[in-house]
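A short worksheet on the structure shown next.
Counting begins at 1 with the first residue of the sequence.
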Amino acid sequence: MRLRTLVLVVFASLFPSFAGAQPLFDAGGRIPLPLGDFPGEPAVEGVVSQEFLSRRSGRRHILLVASPTETQAKPIEMLRQQFYDPSSTEPFRGRMTLATIFTSADVLADAWPPRSETPYYAGDHRAGKSLWRSLFWLAPDLVIVVEFGDAPGIALPAALDETLAASLKRTSFPVREAEATRLAAALGRPEGVLAKIGAIPAIELTVTEKDCYETIARVFRQLNADEQPTASPAHRELIARRERTPIEIARQLEAVYGKHFNSVMYQPALALVGRLNLDELLGETARRDDIERMVSPYVDGKKPTLGNAPNGSVASGHLIFSELARRVDREKYLPLVVRGADQGFDAKGIPLAAMPAHSEMSDAVFMGTPILAAAGRLTGDEKYFAMCLRHVRFMQKLCLREDGLYRHSPLDEAAWGRGNGFPALGLAWTLAETPAEHPVHGTLRDDLQAHLRALVEHQDPTGMWHQVIDRPGTYREMTATCMIGLALIRGLRDGWLDAEEYAPVLERAWMAVVERIAPDGVLFDVCTGTGKQKSLSDYYDRPAILGVDERGGAMALLFVTEYARWQRDAPRDR
């Protein structure tokens, strides 16, 4: 009779240990890694080590996902100690490390992949969907689904690699074929692959309560005896993604993003800014010429830059004109910059309480502030800098929490991920446009430093920030991480962030983001467009996009090119 289910995930690296890695098997270095927390459903909770999270550690990484009874937990803890106890005599300890994930056995009882098409938290089977996605960005080399039963045995999917299957058969356990709808079989099917990461080989292992330790250990010893562990397609793919240079990633992204400017919105505008950055990095002009062609209907007056009603996304879309004014032709593009910024004033030039169309959302710190600062820099008119501070203070009164994070809107206290990324990027961009000696620069710099200090406290061990910043059970969200990373880059570049403290934070974010960018522009976990929500659960439930996404691609292209510039210009001893 089936009692409980475990999942063991085994990583095999193709690369030796690298200089500067964390000490291996440090029992005090275990790191909590929440993988999903859902009202009314079982949580998915992990514990890893820094060494485990490294792709290039040269060791088999074993991830144990379990829902043990009190009795079944004892051999699991014994296995854990074999990896973390320096006095361990098990031979596999030297070539493997262990992490654990705990969830309900019911999570694994359903058909795989998860049946609901709605990603992550919305809809049913949320814990299963979270576990399913987590396995792909963890990119194991072998998943071992361990079930408690009456006798030991192994179930092998039909598609399992023949060499690996032959090795596992040498354990002498009875062998059967894994059911097609079980997790082990689903992970290895190409049609189940997420975001172009790659398939993951998997098996099922049945153990008894009495012989749990010895049965699993025998499998580990057999795997340990393999001279050349084979990395999974998923693992090889993420290693390859990490090894790309920022310029290579930017070239891949620009093949998909920044190809149009059909409307003046921040999403296509930021992609074009990223392409301008790439042009400068490469010492070329072809992209600049292409972008000038795209924006020419707005310059010529054939198409309006503003709609009938104020719109924050439109106002921030005018940032492409400020970049062209700064880099290409001030006189040509200045009128469009002023047009966007002047939405903050009435017909008599009197400043409004805040930039219009703020919708009481923290996004407005980005949507309105940088274009005001750009107009101030280009015109020298102090009113724009004064309006910057006025607008920021208005939004902070509505949205800034006492802990230094931003609630997305007064409707709920939730610190939405992108709802914090927008203020961080908005203030960083504004500082770049504001003279360092200007009083507004110092004031807003202090604001951003305080915000970043609060954000750093919530960076995930993987380098990401979450869909809700201070709720680690929510998913790791790509655009928030890109925007916070951009703010870090600008602060490090301009010297108002301490490199010793913040450069490692940026590096962790960098490695996490590049793993989520496929060579063809497919992205992993981009929160869909989100207006202000009425409850925390609404933010939990926002879908996370797997695929090509204009918003995510724009943020990624901007982040990658800004990182390339920082990497090129920063001191080597940073």
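Between R293 and D290, at least one side-chain nitrogen of the basic residue sits less than 4.0 Å from a carboxylate oxygen of the acidic one, meeting the salt-bridge criterion. By the 4.0 Å N-to-carboxylate-O rule, E323 lies close enough to R326 to be salt-bridged with it. With respect to the salt-bridge test (charged N to carboxylate O, under 4.0 angstrom), the residues R476 and D525 do not qualify. Salt bridge status for E254 with R275: present, with a side-chain N to carboxylate O gap under 4.0 Å. R453 has no carboxylate O lying under 4.0 Å from a charged side-chain N of E457, or vice versa, which leaves the two without a salt bridge. Taking a cutoff of 4.0 Å between a charged side-chain nitrogen and a carboxylate oxygen, D494 and R445 do not qualify as a salt bridge. The pair D403-R401 counts as a salt bridge, with a side-chain nitrogen and a carboxylate oxygen less than 4.0 angstrom apart. Salt bridge absent: R327 and D279 never bring a charged side-chain N and a carboxylate O closer than 4.0 Å.
The aromatic rings of W112 and W132 are tilted relative to each other, their planes meeting at an angle between 30° and 60°. Between W510 and Y563, the ring-plane angle classifies as parallel under the 30° and 60° cut-offs.
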### Task
Take F394 and H358 through the ring-ring contact (aromatic ring centres under 6.0 Å, His included) test and state the conclusion after the steps.
CA-CA 10 Å; F394 181 92; H358 54 76; 4.9 Å; yes
### Task
Take F524 and F136 through the test ring-ring contact (aromatic ring centres under 6.0 Å, His included) and record every step on the way to the result.
CA-CA 10 Å; F524 197 111; F136 280 95; 7.9 Å; no
### Task
Could you check R55 against M511 for side-chain contact (heavy atoms from CB on, under 4.5 Å), going step by step and ending with a plain yes or no?
CA-CA 10 Å; R55 303 292 183 201; M511 296 306 296; over 6 Å; no
### Message
One pair to check against side-chain contact (heavy atoms from CB on, under 4.5 Å): L546 and L523. What are the steps and the verdict?
### Response
CA-CA 6 Å; L546 296 169; L523 307 175; over 6 Å; no
### Task
Kindly indicate, with the supporting measurements, whether the criterion side-chain contact (heavy atoms from CB on, under 4.5 Å) is fulfilled by M367 and S313.
CA-CA 6 Å; M367 302 298 178; S313 295; 4.1 Å; yes
### Message
I'd like to know whether M555 forms a side-chain contact (heavy atoms from CB on, under 4.5 Å) with D549, so could you lay out the CA-CA distance, the side-chain angles of the two residues, the decisive distance to 0.1 Å, and finally the verdict.
### Response
CA-CA 10 Å; M555 294 299 184; D549 178 74; over 6 Å; no
### Task
May I have the step-by-step check of side-chain hydrogen bond (donor to acceptor under 3.5 Å, both in side chains) for R126 and Y540, ending in yes or no?
CA-CA 10 Å; R126 293 177 289 178; Y540 266 71; over 6 Å; no
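When all heavy atoms of Y384 and A341 are compared, the pair lying nearest together is CE2-CB, 3.7 Å. Of all heavy-atom pairs between I247 and A564, the closest is CD1-CB, 4.2 Å. For the residue pair L492 and D498, the shortest heavy atom distance occurs at CD2-O, 3.9 Å. Closest approach of H451 and Y406 over heavy atoms only: NE2-CD1, 3.5 Å. In this structure, L33 and D460 approach most closely via the heavy-atom pair CD1-OD2, 3.8 Å. Taking all atoms of both residues into account, the shortest heavy-atom contact from L486 to E562 is CD2-CG, 3.5 Å.
Annotation: H438 is in aromatic contact with F385 [ring centroid separation under 6.0 Å].
A cation-pi geometry, defined here as NZ or CZ lying under 6.0 Å from the six-membered ring centre and within 45° of its normal, holds between R490 and W429.
Partner of Y539 under the side-chain hydrogen bond (donor to acceptor under 3.5 Å, both in side chains) criterion, out of Q533, K532, H408: H408 alone. Under the side chain to side chain contact (heavy atoms under 4.5 Å, CB included) rule, L272 has a single partner from L557, I291, L319, L558, which is I291.
Checking Q467 against R418 by side-chain atom types alone, no donor-acceptor pair falls below 3.5 Å. For R287 and N277, the side-chain atoms include no donor-acceptor pair closer than 3.5 Å. Side-chain contact annotation: Q459 with R508, donor-acceptor N/O pair under 3.5 Å present. Side chains of E292 and Y333: a donor on one and an acceptor on the other come within 3.5 Å.
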